[in-house]
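The next block holds one structure in the form of C-alpha cells; read it before the comments.
FYI, side chains are in, hydrogens and waters are out, and symmetry mates aren't considered; it's all heavy atoms of this structure. Every chain is numbered from 1 and lettered A, B, ... according to where its sequence line falls, protein lines coming before strand lines.
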Amino acid sequence: MKTETLIGKSVPRIDSIRKATGAAKYTADLFLSGMLHAKVLRSPYPHARILDIDTSKAEQLEGVRAVITGKDTKGVKWGVFPYTQDHGMIATDKVRFIGEEVAAVAAVTEEIAQRAVELIDVTYEELPAVFDPEKAMKDDKLIHEDRGTNINVHVDIDVGDVDAAFGEAEIVLEDVFKSAGEAYAMMEPYSVVADFNSEGYLDLWIPNAGPHVRAKALSNLLKMPLNKVRVRKIDIGGAFGGRSEVSPSDVVTALLSIKSRQPVKLVLSREETFTATRQVHDMIVYLKTGADANGMIIARDARVIYDGGAYSSTGPIATSVPFYVYEETYKHPNVRYNGYRVYTNKCPRGMYPHHGRAYQVAMTTHMDMVAEKLGLDPMEIRLRNANRSGDHTATDSVISSCGLSESITMTAEMSRWSEKRGKLPKYRGIGMGSMGLMCGFPMGFRSGATAFIRMNESGQITLFTGMVDNGQGNENMVVQITAEVIGIPMEMVNLVNADTEMTGHDPGAYSQAATFVGGNAVMRAAQDVRRQVLAASAEMMKVAPDELDITNGMIHLKNDNEKSFFIARAARYAMSNGGNIVGKGSYFPKISRDREWVKNPRGQMGGTYSFNTVVTEIEVDPDTGIIKMLDVWAAHDCGKPINPATVEGQIHGIVSRGGVATYMEEIDWDRGQVLNPNLLDYKVPLATDMPEMDVELITTNDPEGPFGAKEGGLTASMNVYKAIVSAFYDATGVWLKELPFTPEKVLKALAKKNN
Amino acid sequence: MGDRSIKLIVNGYSYNVSVPAETTLLEVLREELQLTGTKFGCDTGECGACTVLIDGRPFRSCMTLAVEVEGKRITTIEGLANGGELHPVQKKFVELQAIQCGFCSPGMILTAVAFLGENPKPTRQEVRRAISGNICRCTGYQKIVEAVIAASKINGGGRK
Ligand code: FES
Ligand code: FES
C-alpha cells in the first residue's frame, strides 16, 4: 500500500549539511601532498604580436618548479565544433585580449610563483585593436588572419515568406535594441587542481558544468587518451552557463603538473575571474516586425550582432539560442533571422541564463507596441501569439507539453494584473514577460546519459551518475528520484557523481538537460534495480513479481503490509543466486540527429520545453532615475516539480540575476580594459535590492520527463527583464531600448519625453 | 620581513602560528590551519564570503590581519555546530533550502548568527539589511531571509 511519495516533496537537499558546516570542499580547498602553486602571466595588450618570450630568469628563481608558455601546448586549438577551433588556450603568435594567458609558473609558494611570473620578459609588437563588433565586421583589422574575416559565426534562418507577410501587415515597426555584456560573477573564483602521476594519469578538480565533456576537451587539447584524463568530483560555487566548456586555466594547470610531475593548484583572483574567464555577449538587434489587425505577429526580420570577444567559445550555439527561445514561445509563421557572432579584442563570451537579452526585449517590446496601437492588453497579445501543446515551431520542433498560457493567466491573477496595468499611479508600472525553453539540445552522440546502481548486502545502494551539481540541487534530485523509484528512504542511497572515472556519460548541467536527460537515465537505472529486487523477492516468496511492492525498504504483498521483509534479504538472495543487484539505465532525448546549428537549423531541438511567466511591479524615481522592483510573481511550468522548494529557489535566484541586471549590471570598458572587475563596481544584487517573490509551479506532466518533470527555473531569467521593460513603459510611457537601464539612461529618457 | 609568532584561539582551540606580519586572518585560517570552510571570494572586502566571528562579532577575515586578533575568540563555520548538533541558523538554512552552491553560506550563516544575537526578533527588512554585505549569487536571498526569520523563532537562534 503505497501512500508515501517523495516526488513533489521539499525534502532538505542532501548536499546542504556539508555546505552549512564548512565541510564542503571546493577546488581551492584541496591540499595535496607536494602541491605547487601556479600563477599566470597575462597579456597587457588587447591585440599584439608576441615577438619573444624569455623565461630564463623565472626558471632560475629558487622555488620554481615549472614554467610554461604556448610552446608547451600540443598546438591543438579548442572550439566546440570542428569549424570553430580557434583557441590555443595559451597564446603563441598573438594575444587577442587583455588578460589572455601568455605564460605560467608553478612554484612551492604562491609568492614565489608571482615573483617568477614578473621575471618573464615578453616582447610584443602592438597591433591595432577593434572593440566595436560592427566596426570589426568591416574586416580591416583581422583578429584571426587565417579566417579572413572577423565574422566568427553566421546563422541564417529564413522561414515562410517574410516579404509577402510584411506586405500584408497592418502594423510595421522598426527599431534598434542593445544590451551590454555582463559578468557571471559566480561567488567561487575560478580554480583548478591538477595532479599528473607517474602512471600517466592526470586527475583534475575543476568547477565545471559537465565533467565528461570537459575531460574529452582536455584529452584532445593535451593529446592524451581519454581514460588518462580524469575529472574528479568537487563542490562547485556556481556556474550559470559560465563553466560549461574547457578553460585556459585547466590547460595551464595540467601542463604545469605534467611538466613538474607534482600536483599544482591555480586559484584565480576575483579580478582574473572577471577579466579572463568567460563573459556575456554584448548585443545589437535590428528588428522589423509586422502584425495583423488582430495582433498576430506575422512577420519578423532580425539582424542580430553578438560581440563574441577573441575566440569562438560556444559560438554557433550562442548565436542561435535567442532565436530558438523565442520560437519555442510564440508563433513565428514568417521569420528571417541573421545572427552574426563577431570577433573583437575582448575576453571570449559564453552563454548565460538570460543570454540574448537584447533580442528577447526587442521581440517582446514590439509585441507590446503592437498591443498598444491596437488597444490590446499586453497579456491578451501574448495569449494570442502563444504556442500550445502540439504546436510546431518555425524550424520544425514539436512542443509536447506546454503550460505557457496557464503561466500567463496565473501570474495575471497572482498580481491582480487587470486592476493594475495602465491604472497604477505615475512612475509605477506593471509588466509581464513570458518564455519557453528547450530542455537539452542536440550534442550529437553526447546528448544522452547513462547511470548505474549497485546494491550491497544490506540493501543500501550506490548510484553512479555523471551528473554534476553547480548549486542547483541536481545531486539531491537524482537521489530523490532513485529512492522513490526503488521504494527506499533517501538515507539508503549513496551517491557517486561527476567523476569521469566512475560514472557513465552525462551531457552536463546546462541547457536544462539535467533533470530531463540525466534524471531520466537515473530513473531507468532505479527501475532496473527495482525489477531485480522484485524478481528475487518473488522467487523467495513463490509469488509473481507484480504481486509485490516496496515501501520504505520493506518488501510486501501489494495489498498486505503485514507480512513484509527488509530489502536486504532480496539483496542477499540475489548474491547467492548470481551476484550483486546492479542496475543500469540510459536515456537519449527524442531530438533530431541531423540538426546542425549553422548548416541545418531544422528539426527537433529539445526533448521537451518548459515555460514561465514573470510579472513585476516597479517604481521609477523620476529624480534619481533609479528603478526598483517592488514585487515579483512567477509561474513556472516545470512539468512536475521533483522538489518544489528547489525549483522555487532556482526561480528566486534567476529573478535576482536577470531582474536586477536589467538596470544595474554591465561590464564597463575602456579600449579593451575592463574598468569594473570587482564586486564593488560591478553591481550584483544584494539582499536589499530584492523584493519578496511569489512563485507558483504549474504541473503539466511531461510525457517524457522523469515523473513528468522538465527543467526547473532558468526560463524565468529570460522573462524578468522583459517584464521590467514592459513595466517601465506602463510607469512612464517610454520604451527603453538599451540595457541596462542605468539611472543616467532613465533620466535622459524621461527628460526627452517631457520635452 | 621576518615572521611573527602569534597565538590564535579558533573554535575553542589555541594555535601557535608563525607568519609574516601582513598575513590576513583568512590566509592563516585557510592555509596554515586548513580550515577551508571560510571562503576566499574576492580578498578585497566586497563579498562577505570570508566572514568569521571575532568575540561574537562578524568580521571579514580577508581584511583582518592575523596579528590584530591575537588572543581573541575566533569562530569559523567549522566551530558553529555543537558537536553533532547544528546551530539553529544552520538547521534552518538546511531545512528551508537557503543553500544552493553553498559558497556564500559559511559567511552568510555567521553573519546571521551575529545579527540574531543583537536583534533576536527581526523583521524581514532588518534581516535583508543585516545580510546586505554578504553576496549570494544563487538564491536571490529569499530563502535566506526565510531561514534567518525561522531561526529567530528557535530558542538560542542567536547563540554564538
Ligand atoms: S573574501 Fe573577504 S570579503 Fe570577499
Ligand atoms: S548559495 Fe551560491 S552564492 Fe549563495
Sort out for me which of [options] touches chain B most, counting heavy-atom pairs under 4.5 Å.
options	answer
A:A185, A:G238, A:S269	A:A185
A:S10, A:G649, A:A24	A:G649
A:A687, A:S656, A:G22	A:A687
A:G473, A:P685, A:A239	A:P685

Exercise. Using non-hydrogen atoms and a limit below 4.5 Å, what part of residues 98-110 of chain B faces chain A?
Worked result: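 Within residues 98-110 of chain B, near chain A: B:I99, B:Q100, B:C101, B:G102, B:F103, B:S105, B:P106, B:I109.
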
For this session: Give me the contact list for residues 59-69 of chain B versus chain A, heavy atoms only, anything under 4.5 Å, ordered by residue number.
Result: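 Interface residues of residues 59-69 of chain B: none, nothing closer than 4.5 Å to chain A.
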
Exercise. Would a 4.5 Å heavy-atom cut-off, applied to side chains only, mark A:Y26 and B:T36 as touching?
Worked result: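 No - every pair of side-chain heavy atoms lies 4.5 Å or more apart.
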
For this session: For residues B:F40 and A:E188, determine if any side-chain heavy atom of one lies less than 4.5 Å from a side-chain heavy atom of the other.
Result: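 No, too far: nothing below the 4.5 Å cut-off.
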
Segment of [X] engaging chain B (4.5 angstrom heavy-atom cut-off):
X	value
A:L680	both
A:A645	both
A:T646	both
A:T21	both
A:N476	neither
A:N643	side chain
A:V660	neither
A:F240	side chain
A:V684	both
A:L268	backbone

Exercise. Quick check: does any side chain N or O of A:R657 sit under 3.5 Å from a backbone N or O of B:R137, one acting as donor and the other as acceptor?
Worked result: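 Between the backbone of B:R137 and the side chain of A:R657 there is a qualifying donor-acceptor contact (under 3.5 Å).
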
Problem set entry | Donor-acceptor pair, side chain of B:R128 and main chain of A:L686, under 3.5 angstrom |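 No.
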
How many angstroms lie between atom [atom1] of [X] and atom [atom2] of [Y], to the nearest 0.5 angstrom?
X	Y	atom1	atom2	result
B:Q90	A:S16	CD	OG	11.0 Å
A:Q650	B:T139	CD	OG1	10.5 Å
B:R129	A:T688	CZ	OG1	9.0 Å
A:M690	B:I144	CE	CD1	11.5 Å
A:N678	B:C47	CG	SG	11.5 Å

Of the backbone (N, CA, C, O) and the side chain (C-beta and beyond), which part of [X] lies under 4.5 Å from a heavy atom of chain A, both, or neither?
X	value
B:Q97	side chain
B:L86	side chain
B:S132	both

Exercise. How far apart are the closest heavy atoms of B:G41 and A:P189, and which atoms are they?
Worked result: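 Closest approach of B:G41 to A:P189: O-CG, 3.7 Å.
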
Exercise. Minimum heavy-atom separation for A:D29 to B:R30, with atom names?
Worked result: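 Residues A:D29 and B:R30, closest heavy atoms: OD1-NH2, 2.7 Å.
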
State whether the number of non-hydrogen atoms from other residues, nucleotides or ligands found under 6.0 Å of [X] atom [atom1] is greater than 12.
X	atom1	value
B:R4	CZ	no
B:K153	NZ	no
A:E62	CD	no

For this session: Against chain A, work out which of B:T38, B:V94, B:D43 has the most heavy-atom pairs shorter than 4.5 Å and name it.
Result: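 Most pairs with chain A among the choices: B:V94.
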
For this session: May I ask you to name which of B:R124, B:E95, B:Q125 has the most heavy-atom pairs under 4.5 Å with chain A?
Result: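 Most pairs with chain A among the choices: B:R124.
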
For this session: Evaluate side chain to side chain contact (heavy atoms under 4.5 Å, CB included) for A:E692 paired with B:Q142, printing each intermediate quantity in order.
Result: CA-CA 7 Å; A:E692 300 292 332; B:Q142 178 123 341; 3.9 Å; yes

Problem set entry | side chain to side chain contact (heavy atoms under 4.5 Å, CB included) between A:H652 and B:Y141, worked out | CA-CA 8 Å; A:H652 294 154; B:Y141 305 100; over 6 Å; no

Exercise. Does the side chain to side chain contact (heavy atoms under 4.5 Å, CB included) test come out yes or no for B:T44 and A:R270, once each step is laid out?
Worked result: CA-CA 9 Å; B:T44 44; A:R270 176 52 65 185; 5.7 Å; no

For this session: Take B:K39 and A:M187 through the test side chain to side chain contact (heavy atoms under 4.5 Å, CB included) and record every step on the way to the result.
Result: CA-CA 10 Å; B:K39 294 292 173 243; A:M187 285 311 298; over 6 Å; no

